[in-house]
> 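Pasting in a structure now, in C-alpha cells, and then I'll have a few things to ask.
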Amino acid sequence: MPRTRGKLCRLGRLGAVLAASAGLFASQAAPALATPEPPEREISGTAAPSPARTPLKDLTDNHVGSAVNASALANEADYRSVLTSEFNSVTAENAMKWSVVEPNRGQYDWSGADSVVNYAQRNGHSVRGHTLLWHKQRPGWLDNLSASELRSAVKDHITTVVNRYEGEIRAWDVVNEVFDSDGTRRDSIFQRKLGDGWIADAFRWAHQADPSAELYINDYNTGWVNDKSNAIHDLVSSLRQRGVPIHGVGFQTHLSIDYSFPGGFQSNLQRFADLGVDVAITEADVRMTLPATDSELTTQADYYERIWNACEAVSRCVEFTTWGYTDRHSWVPNTFDGQGAACLFDDSLNPKPAYNRINPSI
Ligand code: G3I
C-alpha cells in the first residue's frame with residue numbers, strides 16, 4: 001500500500017512549483033522536518049545563499065538535483081538551506097537501496113527514504129528514486145535464495161518500494177550498472193540466477209507498481225561511445241521494440257580531471273535520445289588530487305560546464321543531478337585515496353569556480 005501522502009502527492013513538478021510559490025512550503029531557512037531533531041550546525045554567513053545569485057534551478061527547465069545524505073538532511077540546517085535554494089530535485093544517496101530498506105527479509109526501515117521524500121514534498125523538489133536493483137548494497141539474505149525464490153524476492157521488492165512511493169517519485173533508477181566495461185552483462189546474482197530476462201521483468205514490475213514513474217537504466221563510464229554504452233544502447237533499443245516500459249537512460253558522469261573529458265559527450269547523449277527515451281545526468285561529480293589547486297579547480301569548472309551545456313543542448317536531456325553538492329559529504333575521498341573536492345560547493349558550502357562557471361548570474 002502507498003504510504004499516507006502529503007498534499008503534494010500526484011501534483012507533479014508543476015504543481016509543486018505552484019504550491020511553493022503560493023507559500024505552501026516551509027521557507028528555505030525553516031527546518032524541513034517536522035519531528036524533533038538533534039542539534040544542528042549553525043548556518044554560517046558564507047553558506048547563506050547570496051540574494052543576488054540566481055539559483056541553479058532557475059537557470060534551466062531541466063530538473064536540477066543533488067544526491068542527498070539522509071543524516072546531513074536531518075542534522076545540518078545549512079546543508080538543507082543550500083539544497084533547498086539551489087536545487088529542485090533530490091536523489092537519496094543510500095536511503096532507498098535494498099540493503100537499507102530491507103536489511104533482513106520482511107523487516108523494513110523506511111526512515112531515511114521517507115525523510116528524503118518528505119523533505120522534497122515540503123520544499124517543492126521532485127525525487128529521483130535510486131536504486132531498485134544493484135549488485136552492490138543488496139541485503140545479504142538474498143545470496144542464499146534459489147532462483148525461483150530470488151525472482152519472487154525481486155518482484156516483491158520492486159512492488160513494495162515503488163508502490164509505497166507511488167505518485168511521489170518522478171523517476172526510478174530501476175537497474176543500476178548491469179554491464180561490464182566490455183559490454184557483456186555483469187555477472188551479478190540477478191544475471192546468474194535469473195537469466196537475461198530479469199531486466200525486462202524489473203521494468204514491467206516497476207511500471208505495474210507506479211505507471212506514472214519514469215523508469216531508467218543507469219550506469220557509469222557511458223558518456224562516450226564504448227562497448228558498455230553500445231551494449232546499453234542495444235538493450236534499450238530492444239526493450240523499446242518489445243514494448244517494455246523503459247523511459248530513460250541515466251548517465252552517472254563520475255569524472256576525474258586526471259582523464260580527458262569524454263569525447264563526443266553531447267552526441268552520445270543524443271544517440272540515446274534518438275531511441276525515443278529521455279536522458280539524464282544522474283550522478284555528476286569531478287574529482288581531483290588533493291589538495292585542490294586553482295589550476296585543478298579551473299579544469300574542474302571546464303568539465304562541469306561541458307556536462308551542463310551538453311544536457312542543455314539535447315532536448316530530451318531532462319535532468320542535471322550531482323552526486324552530492326558539497327565536498328563536506330562526498331563519497332569520493334572514501335573511495336579514491338588522495339582524491340576529492342569533486343562537488344560544486346566546498347566544505348563550508350561556498351560555491352566553487354565550477355558553480356560560478358555554470359551560473360552566469362555570479
Ligand atoms: O551505513 C553503514 C554504517 O552502518 C556502517 O557503520 C558504515 C561502516 O563502513 O558503513 C555505512 O554504510 C556505508 C554507506 O555508504 C553509507 O554511508 C557503506 O559502508 C559505504 O560503502 C556506502 O558507500 C556508498 C556507495 O555508493 C556504495 O557502493 C556511497 O555513500 C554512495 O555515494 C555510493 O553511491 C554510488 C551510487 O549508488 C551508484 N553509482 C556510484 C555511486 C558512487 O559509488
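Only a predicted model underlies this, so the values are computations on that prediction, with no experimental measurement involved. As the structure lists them, so they are numbered: ligands from 1, and atoms in each ligand from 1. The first residue in the sequence is number 1, and the count goes up from there.
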> Evaluate the 4.0 Å heavy atom contact test for atom 28 (O) of ligand 1: does a protein atom fall under the cut-off?
yes
> Do protein heavy atoms approach atom 19 (O) of ligand 1 to less than 4.0 Å?
no
> Assess Tyr220 for proximity to ligand 1: is some non-hydrogen atom of it under 4.0 Å away?
no
> Any protein heavy atom under 4.0 Å from atom 12 (O) of ligand 1?
no
> Consider only side-chain N and O atoms of Tyr165 and Asp114, and report whether a donor and an acceptor are under 3.5 Å apart.
yes
> Which option, Asn94, Asp285, Thr91, owns the non-hydrogen atom nearest atom 16 (C) of ligand 1?
Asn94
> Does atom 7 (C) of ligand 1 have a protein non-hydrogen atom under 4.0 Å from it?
no
> Taking only heavy atoms of Asn176, which atoms of ligand 1 are found under 4.0 Å from at least one of them?
38 (C)
> According to the interplanar angle, ranging from 0 to 90°, do the rings of Trp331 and Phe336 count as parallel (below 30°), tilted (30 to 60°) or perpendicular (above 60°)?
perpendicular
> Considering only heavy atoms of Trp331, which atoms of ligand 1 have at least one such atom less than 4.0 Å away?
32 (O), 42 (C), 43 (O)
> Look at atom 39 (N) of ligand 1 and say which protein heavy atom is nearest, naming residue and atom and giving the distance to 0.1 Å.
Glu283 OE1, 2.7 Å
> Please confirm whether Glu93 comes within less than 3.5 Å of ligand 1 when only nitrogen or oxygen atoms on both sides are compared.
yes
> Could you tell me whether Val100 approaches ligand 1 through its side chain, its backbone, both or neither, with non-hydrogen atoms closer than 4.0 Å?
neither
> Does the N or O separation between Trp134 and ligand 1 drop below 3.5 Å for any pair?
no
> Give a yes or no on whether atom 33 (C) of ligand 1 lies under 4.0 Å from any heavy atom of the protein.
yes
> Need the ligand 1 atom indices (1-based, order shown) with element for anything under 4.0 Å from a heavy-atom of Gln252.
39 (N), 40 (C)
> What do you think, any protein heavy atom under 4.0 angstrom from atom 4 (O) of ligand 1?
no
> Would you call the rings of Phe265 and Phe261 parallel, tilted or perpendicular if under 30° counts as parallel and over 60° as perpendicular?
perpendicular
> Considering only heavy atoms of Glu177, which atoms of ligand 1 have at least one such atom less than 4.0 Å away?
38 (C), 39 (N), 40 (C)
> Is the closest protein non-hydrogen atom to atom 43 (O) of ligand 1 under 4.0 Å?
yes
> Please find out if less than 6.0 Å separates the ring center of Phe87 from that of His125.
no
